[in-house]
Amino acid sequence: MIPKNQRGTAVNGRRQFLRWMAAAMVVATLPARLWAARPNAAFEGENPDSVLKELFGDIGIQDSSQITLKVPDIAENGAVVPVTVATDLPGVEAIYILVDNNPTPLSAAFTLSPKIPSDVSTRIKMGGSSMVRAMVKTSDGVFTTGKEVKVTIGGCGG
Amino acid sequence: MATKKVKIRAKIKNGVAQIKALMPHPMETGTRRDATSGEVIPAHYIEEVTCSLNGEVILTGHWGPSVSKNPYFSFNVLDAKPGDTISITWVDNLGESSSGEAVLK
């Protein structure tokens, strides 16, 4: 039995160990983080304008017909909305998916190496009907296209 | 909590490898309430996904809580050959992580 006055330190030791483990895991993922850091402030942005400002600063964003955004016109279940973004713009560095009316509009950001054709698919949640936007950052600037999606049952529900 | 492996399906077609991944994860937004207790369920979501081809990082995904539960994710890789290894690792906001690997055929 551990004397009462030392029990605290045993717990502390374990906590410290857990903290150390967590730190080690962060270190293990460091190369990826150096490759591209997570834009945390943009993920916390609560309206599309603040997200775009965090991501791109004051760079002008141009509409582009060279981006294909595949989302359903009507999503029956807002919890699972399939999204595909593809583009033949040259020099693609990153692809972002935004849902204007979600509590935090930025849903996903992908950083691509030149070995990846610019074509990614995932599934996102939508709290309600909203404009869904794909933003593509290339070496020449930032390009976007958007589509209105009607949601019959919201996916952030509580 | 134990984490489940990333499931990967990879297929080469005309020199382009199509990679599909499924990651079992609750993806809690932090805004949902427990139906019986009414308490807010804490946020628990994948923040970062890293995809490598033969150990070299080729794609990173940064996600918010608005990616669907049990995320599905797919992309293509140019110049991939049979025998190449695709690995996908994720880390969530609580520091948990998991990974999966597939050899291209």
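A note on names: the letters A, B, ... follow the listed sequences, proteins ahead of strands, and every chain is numbered from 1.
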- What's the spacing between I58(B) CD1 and T111(A) OG1 if we round to 0.5 Å? 12.5 Å

- Query: Do the side chain of R38(A) and the main chain of E47(B) share a donor and acceptor less than 3.5 angstrom apart?
  - Reply: yes

- Could you check whether the rings of W63(B) and F110(A) sit parallel, tilted or perpendicular, using 30° and 60° as the cut-offs? perpendicular

- Message: So for atom NZ, which belongs to K147(A), do other residues, nucleotides or ligands contribute more than 12 heavy atoms lying within a distance under 6.0 Å?
- Response: yes

- Note: F43(A) and H62(B) closest approach over all heavy atoms is CZ-O, 3.1 Å

- Rounded to the nearest 0.5 Å, how far does CG of L112(A) lie from CG of L59(B)? 5.0 Å

- Taking C-beta and beyond as the side chain, do I116(A) and L78(B) meet within less than 4.5 Å on heavy atoms? no

- Find out if a path of hydrophobic residues (ILVMFWY) with successive side-chain heavy-atom gaps under 4.5 Å connects V132(A) to L55(A). no

- Query: Backbone N or O of F73(B) within a donor-acceptor pair of the S121(A) side chain at under 3.5 Å?
  - Reply: no

- Message: Please determine whether residues I46(B) and I19(B) belong to a single hydrophobic cluster, defined as Ile, Leu, Val, Met, Phe, Trp and Tyr linked transitively by side-chain heavy-atom distances below 4.5 Å.
- Response: yes

- Examine whether an atom of N76(B) lies under 4.5 Å from a heavy atom of chain A, and if so say whether it belongs to the side chain, the backbone or both; otherwise answer neither. both

- Message: Using heavy-atom distances under 4.5 Å, tell me whether V81(A) contacts chain B through its side chain, its backbone, both, or neither.
- Response: backbone

- Query: Do you know which of G61(B), S52(B), S74(B), G64(B) has the most heavy-atom pairs under 4.5 Å to chain A?
  - Reply: S74(B)

- CD (Q62(A)) with more than 12 external heavy atoms under 6.0 Å: yes

- Note on the structure: So, the part of L53(B) with a heavy atom under 4.5 Å from chain A: the answer is side chain

- Same cluster or not: are V67(B) and M23(B) linked, directly or through other Ile, Leu, Val, Met, Phe, Trp or Tyr residues, by side-chain heavy atoms under 4.5 angstrom apart? yes

- Query: In the single-linkage hydrophobic clustering (I, L, V, M, F, W, Y; side-chain heavy atoms under 4.5 Å), do L52(A) and V136(A) co-cluster?
  - Reply: no

- Item | Shared hydrophobic cluster for I88(B) and I12(B) (ILVMFWY, side-chain gaps under 4.5 Å) | yes

- Task: Apply the test side chain to side chain contact (heavy atoms under 4.5 Å, CB included) to residues V99(A) and S66(B): give CA-CA distance (whole Å), side-chain angles for both, the deciding distance (0.1 Å), then the verdict.
- Result: CA-CA 9 Å; V99(A) 182; S66(B) 60; 5.7 Å; no

- Interface moiety of L106(A) toward chain B, non-hydrogen atoms closer than 4.5 Å: backbone

- Which atoms of K69(B) come close to chain A, meaning under 4.5 Å heavy atom to heavy atom: side chain ones, backbone ones, both, or neither? backbone

- Task: Please name the pair of heavy atoms, one in S68(B) and one in V80(A), separated by the smallest distance, quoted to 0.1 Å.
- Result: OG-CA, 3.5 Å

- Item | Enclosure of E46(A) CD (heavy-atom neighbours >12, cutoff 6.0 Å) | no

- Query: Any idea which heavy atoms bring V120(A) and F75(B) closest together, and the distance?
  - Reply: CG1-CB, 4.0 Å

- Nearest non-hydrogen partners of K125(A) and M27(B), listed with the distance: NZ-O, 2.5 Å

